[in-house]
Amino acid sequence: LDSRSDVRLLEIGDGDLELVPLDGAAGPESIIFGGGGEGPFTGVSDGRVLRWRAAERRWEEHSCSAPEMLDSCRGSQDPGREHECGRPLGLKFNSETGELYVADAYHGLRVVGPEDNVSRPLLPPEWQGSRSFSFANGVEIDYETGAIYFTETSTRFRRREFLNIVISGDNTGRLLKYDPKSSKVEVLVDGLSFANGLAMSRDGTYLLLAETTTGKILRYWIKTPKASTLEEVVQLSWFPDNIRMSPRGGFWVGLHAKRGKIAEWSISYPWLRRLILKLPMRHVQRASWLLNRLGRQVIALRLSEEGKTIEAVSVHGAIQKVFKSVCVAIRIKANIPNNNWHYKIYTVYPSMKGEQPRRRPEYVPNRIDDPNYVRIFDTTLRDGEQSPGATMTSAEKLVVARQLARLGVDIIEAGFPASSPDDLDAVRSIAIEVGNTPVGEDGHVPVICGLSRCNKKDIDAAWEAVRHARRPRIHTFIATSEIHMQHKLRKTPEQVVAIAREMVAYARSLGCPDVEFSPEDAGRSNREFLYHILEEVIKAGATTLNIPDTVGYNFPHEFGHLIADIKANTPGIENAIISTHCQNDLGLATANTLEGALAGARQLEVTINGIGERAGNASLEEVVMAIKCRKELIDGLYTGINSQHITLTSKMVQEHSGLHVQPHKAIVGANAFAHESGIHQGCSVTLQDGMLKYKGTYEIISPDDIGLTRANEFGIVLGKLSGRHAVRSKLVELGYEISDKEFEDFFKRYKEVAEKKKRVTDEDIEALLSDEIFQPKVIWSLADVQATCGTLGLSTATVKLIGPDGEEKIACSVGTGPVDAAYKAVDQIIQIPTVLREYGMTSVTEGIDAIATTRVVVTGDVSNNSKHALTGHSFNRSFSGSGASMDVVVSSVRAYLSALNKMCSFAGAVKASSEV
Ligand SMILES: CC(=O)SCCNC(=O)CCNC(=O)[C@H](O)C(C)(C)COP(=O)(O)OP(=O)(O)OC[C@H]1O[C@@H](n2cnc3c(N)ncnc32)[C@H](O)[C@@H]1OP(=O)(O)O
Ligand SMILES: CC(C)C(=O)C(=O)O
């Protein structure tokens with residue numbers, strides 16, 4: 001405080017306050033009394049203005065700005081709904097007319113008549129209609145002229161993004177004047193940094209305005225020779241909010257929180273602001289918190305008109321905790337015997353919803369009890385596996401499924417059981433193990449789902465595979481677009497509806513309580529037809545309706561409308577969950593998925609790293625982190641994903657699918673956190689204690705958030721002296737659980753590598769594991785390979801393989817290089833026509849002793865052909881393989897053999913090849 005001796009301090013301690021709970025809502029902002037002292041009145045988080053009925057000690061609804069939304073908004077504390085429910089901030093009664101003026105952050109300047117309970121817009125249509133407000137805030141009346149003054153805090157950010165305004169130094173705030181006589185709006189001042197509370201001087205010569213980011217109280221002259229000019233009254237050490245003139249002279253200012261040094265400096269120095277944005281959030285929060293803890297918490301000041309502090313109200317003791325921030329302090333004369341002044345201080349409780357850990361709602365197939373919860377349906381093991389070359393072995397699928405459960409996905413689509421006996425087995429093992437094992441703190445058990453076409457054979461296979469899970473689901477699909485029905489299915493729309501209805505009912509009749517139906521190619525299907533088929537399958541028992549943009553054709557707004565239209569027009573839709581499934585052919589899968597969620601979808605189908613058919617699917621990590629990071633833009637939706645498992649899951653899927661992400665892949669690419677703009681830095685800069693509460697809501701991505709620092713945090717350094725315990729515990733930490741036999745094989749390989757390397761890193765371990773454990777059924781294994789190469793002649797290689805019957809076979813070949821020579825030698829032994837489609841090698845660690853990981857993709861001849869359920873056309877199936885070794889030729893041969901083994905198992909070619 002400027003001159004302590006002159007300042008009267010009012011200290012409020014425990015027991016000095018009575019807290020009056022609000023009627024289900026939160027965040028009371030402006031507090032005013034009616035002309036006759038009635039009230040107070042306050043605007044709250046769900047868009048209502050409440051009035052306190054003192055005699056009855058209860059709040060009653062006074063008015064709202066969106067009557068059509070009242071029922072669904074009442075009680076909402078969700079910042080994501082403010083734009084539809086309204087968010088009344090500044091309030092001002094016109095004591096002459098009894099009208100209440102409301103500055104609604106999103107609905108602009110409004111007025112409520114004395115007998116009304118709905119506010120109406122006040123500004124001319126060009127201000128009120130198409131141009132919606134992002135953050136109208138303070139309001140004041142000039143009784144002499146009838147003009148209404150109001151502030152717009154920012155023209156760039158919305159109210160729920162208020163912390164961004166402070167951090168970014170946004171200065172698009174304005175002071176405006178509305179003249180009801182001319183119906184004109186005039187911008188009096190622009191370039192303000194968080195224009196906030198407004199108060200008119202008693203003589204009507206000036207307005208006081210709080211500029212929150214800078215901590216300044218400004219004076220805007222209306223009359224006197226200084227008219228139309230702006231001057232600084234005082235620079236505060238706090239963030240000022242509302243202002244009220246005091247009957248005893250001067251004015252009161254409600255204070256949000258102290259502008260700690262970090263905040264002040266970050267606002268004054270752009271370079272420091274950039275630095276703070278790059279600091280790990282926890283450091284900023286801690287430093288800021290410490291600064292704020294020093295001394296008492298001052299919540300309101302009375303200042304003279306010249307800006308000198310006269311009185312300060314502070315809180316101490318346990319009640320400090322309830323003062324998240326104070327928007328306004330009013331001193332009123334109370335009816336108490338000795339005629340003392342009695343302070344009423346009204347506090348604001350910012351919604352803490354975004355910050356509290358939110359529980360995953362109980363799983364009920366066709367209902368989600370929390371309207372903001374979005375289920376994440378992971379189809380990495382089904383659609384993801386449809387990526388060319390991504391075929392995984394059953395063991396690999398099980399490992400990935402375990403990790404998906406840890407990640408917290410709600411539903412794992414584990415495969416397409418009718419596509420092969422192997423896939424049925426893989427889905428069944430996942431259902432048995434992952435589908436019955438609780439994970440995480442909440443003991444979550446994911447739903448295990450299997451895909452099927454709309455025919456009994458597929459549905460039977462799917463049920464056989466998933467029925468072992470605690471929560472089984474059958475997902476059945478049939479195409480509904482004209483082009484698919486006509487050219488692929490060769491069925492009429494009526495036939496398609498009949499099949500869909502019958503097959504959904506059939507799936508339910510098997511005892512499956514949870515049936516998902518997908519109208520394939522919905523993105524190009526006729527709307528009325530979709531409403532019809534969806535209505536029919538709901539009647540037949542479908543619990544989830546998945547809307548696929550199968551060919552990745554839709555634009556985001558188009559897909560959003562599709563979901564909204566289905567939600568609005570499908571009879572019975574309230575008894576099912578709407579889902580999205582967006583392919584990425586135009587690179588729009590993530591955007592489309594988010595639009596779908598905004599339009600009402602509450603299940604999102606995604607894959608890890610976005611892998612999938614053709615250009616892939618919406619990527620889980622992008623969708624989940626977008627929802628988490630920009631909650632305020634996505635209606636406060638949330639998922640049950642533990643994002644700290646994202647990095648590990650992504651690496652695991654890269655390893656097992658053989659599909660490595662590009663360095664600039666969002667969220668999980670190697671460069672994703674190396675960018676200059678520092679997207680990995682959280683935006684939850686804790687400038688002040690009061691603002692801290694929005695941490696979760698405003699965090700952008702930090703490496704911690706996706707578990708990127710995991711490897712460093714473990715602290716176990718493995719080397720050649722590490723024993724079984726250390727190595728095993730490392731595997732557990734990395735998320736791998738392997739049998740004792742597998743561990744022994746792995747440990748042998750580990751020791752060989754550790755002998756030659758100083759330090760064995762997590763990446764080395766993953767490469768070795770995948771090479772040793774997650775290989776397909778071994779038909780051919782490598783015994784020896786010897787290669788010579790150089791500039792003096794052709795490269796030669798000799799390869800010794802052990803065949804399915806245990807017999808050793810040796811072949812020798814020349815080639816363009818040692819790898820080519822070795823591959824030709826392998827071909828001579830195995831004798832299956834093979835085309836090498838892709839070959840790639842990466843060094844997973846640095847230095848001369850790095851482990852080289854090779855990944856290859858091969859295709860065979862026509863005997864390996866598959867039919868695609870989408871088109872019915874044959875396609876030449878491809879198989880990927882990976883191998884790891886410190887010797888590049890050995891690594892290459894291992895990868896080639898791994899792919900050939902997958903191909904041999906698939907084609908049942910073992911017999912033919914063993915006749916070599
Ligand atoms: C959009 C998607 O991602 S769809 C999923 C794609 N995934 C896959 O295709 C997985 C790999 N596929 C496979 O292994 C094989 O295609 C199998 C095992 C599923 C099917 O193999 P087959 O039984 O040999 O092929 P089949 O000839 O029956 O497949 C095509 C037939 O299914 C029909 N069909 C395609 N989709 C559906 C459907 N959703 N419901 C009913 N029938 C369908 C086709 O019209 C065609 O019928 P026709 O034989 O009368 O012309
Ligand atoms: C089976 C469905 C959901 C699908 O994968 C698609 O249509 O893309």
Side-chain angles (χ1 to χ4, degrees), residues 2 6-8 10 30-41 89-103 109 111 137-151 175-180 188-189 195-211 216-234 236 240-255 300-313 326-334 339 341-346:
D2 43 6
D6 300 343
V7 175
R8 190 168 163 227
L10 287 135
S30 185
I31 310 280
I32 53 155
F33 289 85
E38 66 274 21
F41 296 74
L89 297 179
L91 302 178
K92 182 78 188 181
F93 267 112
N94 184 331
S95 53
E96 288 166 8
T97 62
E99 289 173 315
L100 174 67
Y101 291 93
V102 181
L109 196 57
V111 64
N137 198 332
V139 59
E140 186 51 289
I141 300 174
D142 185 339
Y143 284 108
E144 202 180 312
T145 63
I148 314 290
Y149 295 92
F150 63 106
T151 52
L175 170 65
L176 301 105
K177 173 183 170 187
Y178 168 62
D179 182 354
L188 301 178
V189 183
N196 203 329
L198 206 53
M200 173 78 79
S201 65
R202 266 172 301 282
D203 61 1
T205 54
Y206 63 84
L207 282 165
L208 290 172
L209 188 158
E211 198 185 33
K216 288 181 179 160
I217 305 296
L218 304 171
R219 189 184 335 259
Y220 178 79
W221 288 98
I222 297 171
K223 292 183 186 158
T224 79
K226 291 191 198 165
S228 304
T229 62
L230 191 70
E231 68 185 22
E232 181 179 318
V233 178
V234 63
L236 301 171
D241 195 325
N242 283 340
I243 307 180
R244 293 280 182 274
M245 299 314 290
S246 166
R248 292 181 301 136
F251 58 95
W252 279 100
V253 185
L255 303 173
L301 292 178
R302 181 161 73 94
L303 299 122
S304 72
E305 299 196 11
E306 292 70 46
K308 195 165 175 314
T309 303
I310 307 168
E311 280 179 287
V313 182
V326 174
C327 275
V328 69
I330 317 171
R331 195 172 200 219
I332 56 159
K333 198 169 183 180
N339 206 22
W341 287 96
H342 178 73
Y343 285 88
K344 293 234 173 192
I345 294 159
Y346 297 92

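Since the model is a prediction, treat every value here as computed from it, not as a measurement.
- Taken from NZ in Lys226 to NZ in Lys223, the straight-line distance is 15.5 Å, to the nearest 0.5 Å.
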request  = Apply the test side chain to side chain contact (heavy atoms under 4.5 Å, CB included) to residues Leu255 and Leu301: give CA-CA distance (whole Å), side-chain angles for both, the deciding distance (0.1 Å), then the verdict.
outcome  = CA-CA 8 Å; Leu255 303 173; Leu301 292 178; 3.8 Å; yes
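- Contact record, Leu109 with Ala103: CD1-CA, 4.4 Å, taken as the closest heavy-atom pair.
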message = Phe41 vs Ile31, test: side chain to side chain contact (heavy atoms under 4.5 Å, CB included). Steps then yes/no.
response = CA-CA 6 Å; Phe41 296 74; Ile31 310 280; over 6 Å; no
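- Between the CZ atom in Arg202 and the CD atom in Glu305 there is a gap of 5.0 Å [rounded to 0.5 Å].
- Of all heavy-atom pairs between Thr151 and Leu175, the closest is CG2-CD1, 4.2 Å.
- Across every non-hydrogen atom of Lys92 and Ile32, the tightest pair is N-CD1, 4.1 Å.
- At a threshold of 4.5 Å between non-hydrogen side-chain atoms, the residues Val139 and Leu198 do not count as touching.
- Atom CD of Glu232 sits in a crowded spot, with more than 12 heavy atoms from other residues, nucleotides or ligands closer than 6.0 Å.
- Separating the CZ atom in Phe251 from the CD1 atom in Ile243 is a distance of 6.0 Å, to the nearest 0.5 Å.
- Contact of the Tyr206 side chain with the Ser201 side chain is registered, since non-hydrogen atoms from C-beta on lie closer than 4.5 Å.
- Glu306 has no carboxylate O lying under 4.0 Å from a charged side-chain N of Arg219, or vice versa, which leaves the two without a salt bridge.
- Thr205 is listed as a side-chain neighbour of Trp221, based on a closest heavy-atom distance under 4.5 Å.
- With values rounded to the nearest 0.5 angstrom, Ile310 atom CD1 is found 4.0 Å from Arg302 atom CZ.
- Between atom CG of residue Leu236 and atom OG1 of residue Thr309 there is a gap of 7.0 Å, rounded to the nearest 0.5 Å.
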message = Under the criterion side chain to side chain donor-acceptor pair (under 3.5 Å), I'd like the reasoning laid out for Trp252 against Glu311: C-alpha separation, chi angles, the key distance, then a yes or no.
response = CA-CA 9 Å; Trp252 279 100; Glu311 280 179 287; 5.3 Å; no
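- The two atoms that bring Leu303 and Gly307 nearest to each other are CD2-O, 3.4 Å, heavy atoms only.
- Shown are Leu209, Asp241, Ile217, Leu89; of these, the side-chain contact (heavy atoms from CB on, under 4.5 Å) with Asn196 is made only by Asp241.
- There is no side-chain donor-acceptor pair under 3.5 Å between Tyr101 and Glu140.
- Rounding to the nearest 0.5 angstrom, the gap separating the CG atom in Leu208 from the CG atom in Leu218 is 9.0 Å.
- Among all heavy-atom pairs drawn from Phe93 and Tyr143, the shortest one is O-OH, 3.1 Å.
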Residues Tyr149, Tyr178; criterion ring pair (Phe, Tyr, Trp, His ring centres under 6.0 Å); working and verdict = CA-CA 6 Å; Tyr149 295 92; Tyr178 168 62; over 10 Å; no
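- Residues Lys216 and Glu211 are not paired through a salt bridge, judged by the lack of any N-O separation under 4.0 Å between the basic side chain and the carboxylate.
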